[in-house]
Number of protein chains: 2
Amino acid sequence: MSDQEGRFREYLGAKGLRITPERQAVLTAVLGIQGHFTADQLYLRLERKNPRASRATVYRTLEHLVGSGLVDKVDLGGQQAFYENFYGREHHDHLICLGCGEIIEFTSRAIEELQDSVCREHQFEARSHSHKILGHCRKCH
Amino acid sequence: MSDQEGRFREYLGAKGLRITPERQAVLTAVLGIQGHFTADQLYLRLERKNPRASRATVYRTLEHLVGSGLVDKVDLGGQQAFYENFYGREHHDHLICLGCGEIIEFTSRAIEELQDSVCREHQFEARSHSHKILGHCRKCH
DNA sequence: GTTGAGATTGAGACTAAGTCTCGACTACTG
DNA sequence: CAGTAGTCGAGACTTAGTCTCAATCTCAAC
């Protein structure tokens, strides 16, 4: 059992939720994806597998995965939500290429600090943030 | 005729688009709104007026208003897009209260500069950005 | 002032992405 | 092993916005 699976079971158990074949299948599929993915891509991947999971279950499970911290939900600006594996990773933000759709991740300690001071100024207690920069990548100038 | 109306007419003219009563009604309604609004709120406001504008026209005109720089479209994270009057204003970002929904605007020259250097690092040519911080405002701690 | 080309309009069909419902099913506790 | 919740899937529903197309209107040219 992977660390991730252990963590997921722990999370479910702590909430009185059940470990079902469908939930395991979703987790396994998620772990097999590199980079950003949509709920629908995940669903399509599961369709051929056994056990499979319905669209509803994919969405429901994704929520639990986000809740357990294994997956991060990122709003990349389109109409659909994106997800990514988050286990053992740091928070990061995104540069999104309007030309080819490439997604480049970045982190900036300095920006985060400035962000914190903006919040202090407004006596605002930050819970999360999303910072995305749209433009053109090196290849698409 | 307000500055805004002049600018809108100029924009339309330059693109070979026409000045119609519906477009004028939308502009007038937009100018009468303070703060952030959704396309639907705008449509509802226009429903009682004469001339009125259909939902399709509201959406279409909003696009032109964004194109002309009179209105800014902001993604505040929900499923619906928000808009705000932008004439004579500077770019700014948002703190969004998860408790009461309040939207606090902020600007930070320093953050923008760091952002620019992140882009340079990745040879990324920024076109626009969106930076939002979710959390709880002073009143909602 | 009239005209005609092409832009614009509104009603409503359509789409995308996700949520909800509910009867059947199943994991887990005792 | 039984009972009780939690869970499942199919598909109806919702939301926010886009598209279609026939009827109408704007505006430049006369």
Side-chain angles (χ1 to χ4, degrees), chain A residues 1 5 8-30 36-68 71 73-83 101, chain B residues 5 8-30 36-68 71 73-83:
Chain A
M1 176 163 55
E5 198 175 335
F8 192 39
R9 280 165 180 256
E10 205 175 308
Y11 173 86
L12 292 175
K15 295 220 151 194
L17 300 173
R18 290 174 182 172
I19 296 158
T20 64
E22 290 84 0
R23 284 181 178 157
Q24 289 191 123
V26 173
L27 174 59
T28 305
V30 164
H36 302 82
F37 59 91
T38 64
D40 207 58
Q41 284 165 2
L42 183 57
Y43 168 69
L44 261 25
R45 228 167 212 263
L46 277 157
E47 219 176 8
R48 326 175 210 114
K49 298 265 169 50
N50 192 277
R52 53 214 298 299
S54 70
R55 226 173 268 275
T57 296
V58 167
Y59 278 104
R60 288 187 285 230
T61 306
L62 234 17
E63 248 170 67
H64 295 311
L65 287 168
V66 171
S68 71
V71 165
K73 182 173 185 175
V74 273
D75 163 21
L76 294 179
Q79 49 295 313
Q80 60 200 323
F82 281 78
Y83 298 86
Chain B
E5 199 176 333
F8 192 40
R9 279 165 180 254
E10 205 174 308
Y11 173 85
L12 292 175
K15 295 220 151 195
L17 301 172
R18 289 172 181 174
I19 296 158
T20 64
E22 291 83 0
R23 285 181 178 157
Q24 288 191 123
V26 173
L27 173 59
T28 305
V30 164
H36 302 82
F37 59 91
T38 63
D40 207 58
Q41 284 166 1
L42 183 57
Y43 168 69
L44 260 25
R45 227 167 212 261
L46 277 157
E47 219 177 7
R48 323 175 212 116
K49 297 264 170 52
N50 191 276
R52 54 214 298 299
S54 70
R55 226 172 268 275
T57 297
V58 167
Y59 279 103
R60 289 187 286 230
T61 306
L62 234 17
E63 247 170 68
H64 295 311
L65 287 168
V66 170
S68 71
V71 164
K73 182 173 184 175
V74 273
D75 164 22
L76 295 178
Q79 49 294 316
Q80 60 199 322
F82 280 79
Y83 297 86

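Of the possible donor and acceptor atoms, one in the side chain of A:Ser68 sits under 3.5 Å from a partner among the backbone N and O of A:Leu65.
Rounded to an integer number of Å, the gap from B:Phe82 CZ to D:dT15 C1' is 13 Å.
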Sub-3.5 Å pairs of nitrogen or oxygen atoms, protein against nucleotides 11-13 of chain D:
none

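Listed pair A:Arg55 / D:dG9 fails the phosphate criterion, with no side-chain N or O lying under 4.0 Å from OP1 or OP2. OP1 or OP2 of D:dA16 lies within a sub-4.0 Å distance of a side-chain N or O belonging to B:Gln80. At D:dG17, one or more side-chain N or O atoms of B:Tyr59 fall inside 4.0 Å of OP1 or OP2 (strictly under the cut-off).
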Quick one: the dot-bracket string of DNA chain D, using Watson-Crick and G-U wobble pairs with both distances under 3.5 Å, [ ] for crossing pairs and | for bases paired to another strand. ||||||||||||||||||||||||||||||
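Side chains of A:Arg9 and A:Gln24 form a contact here, defined as non-hydrogen atoms less than 4.5 Å apart. Taking 4.5 Å as the limit, every side-chain heavy atom of B:His64 sits out of range of all side-chain heavy atoms of B:Val26. Using a 4.5 Å cut-off on side-chain heavy atoms (C-beta onward), A:Phe8 and A:Arg23 make contact.
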Go through B:Asp75 and A:Asp75 one step at a time and tell me if the side chain to side chain contact (heavy atoms under 4.5 Å, CB included) criterion holds. CA-CA 10 Å; B:Asp75 164 22; A:Asp75 163 21; 3.1 Å; yes
Candidate pair B:Tyr83 and B:Leu42, rule side chain to side chain contact (heavy atoms under 4.5 Å, CB included), full reasoning: CA-CA 10 Å; B:Tyr83 297 86; B:Leu42 183 57; over 6 Å; no
Let me have a per-nucleotide readout for nucleotides 24-30 of chain D, 5' to 3', with B, S or -, counting only protein heavy atoms under 4.0 Å. --BS---
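Between A:Pro51 and A:Ala25 the shortest heavy-atom distance is O-CB, 3.5 Å. Of all the heavy atoms in A:Tyr59 and A:Ala39, the pair that sits closest is CE2-CB, 3.5 Å. For the residue pair B:Arg18 and B:Leu12, the shortest heavy atom distance occurs at O-CD1, 3.7 Å.
Summarising the geometry, atom CD belonging to A:Gln80 is positioned 12.5 Å from atom CZ belonging to A:Phe37; distances are rounded to the nearest 0.5 Å. Of the inter-residue distances, the one linking A:Lys49 atom NZ with A:Thr28 atom OG1 reads 8.5 Å to the nearest 0.5 angstrom. Rounded to the nearest 0.5 Å, atoms CD (A:Glu22) and OG1 (A:Thr61) are 8.0 Å apart. Atom CG of B:Leu27 sits about 11.0 Å away from atom CG of B:Leu62, to the nearest 0.5 Å.
At a non-hydrogen distance threshold of 4.0 Å, nothing from residues 36-47 of chain A comes into contact with DNA chain C.
Note on B:Arg60: a base of the nucleic acid sits closer than 4.0 angstrom, heavy atoms only.
Mapping heavy-atom proximity under 4.0 Å, the span of DNA chain C touched by chain A runs 5' to 3' from C:dA17 to C:dC28.
For A:Glu10, the CD atom sits in a loose shell: 12 or fewer heavy atoms of surrounding residues, nucleotides or ligands are nearer than 6.0 Å.
Under the side-chain hydrogen bond (donor to acceptor under 3.5 Å, both in side chains) criterion, B:Arg55 pairs with B:Asp40, not counting sequence neighbours.
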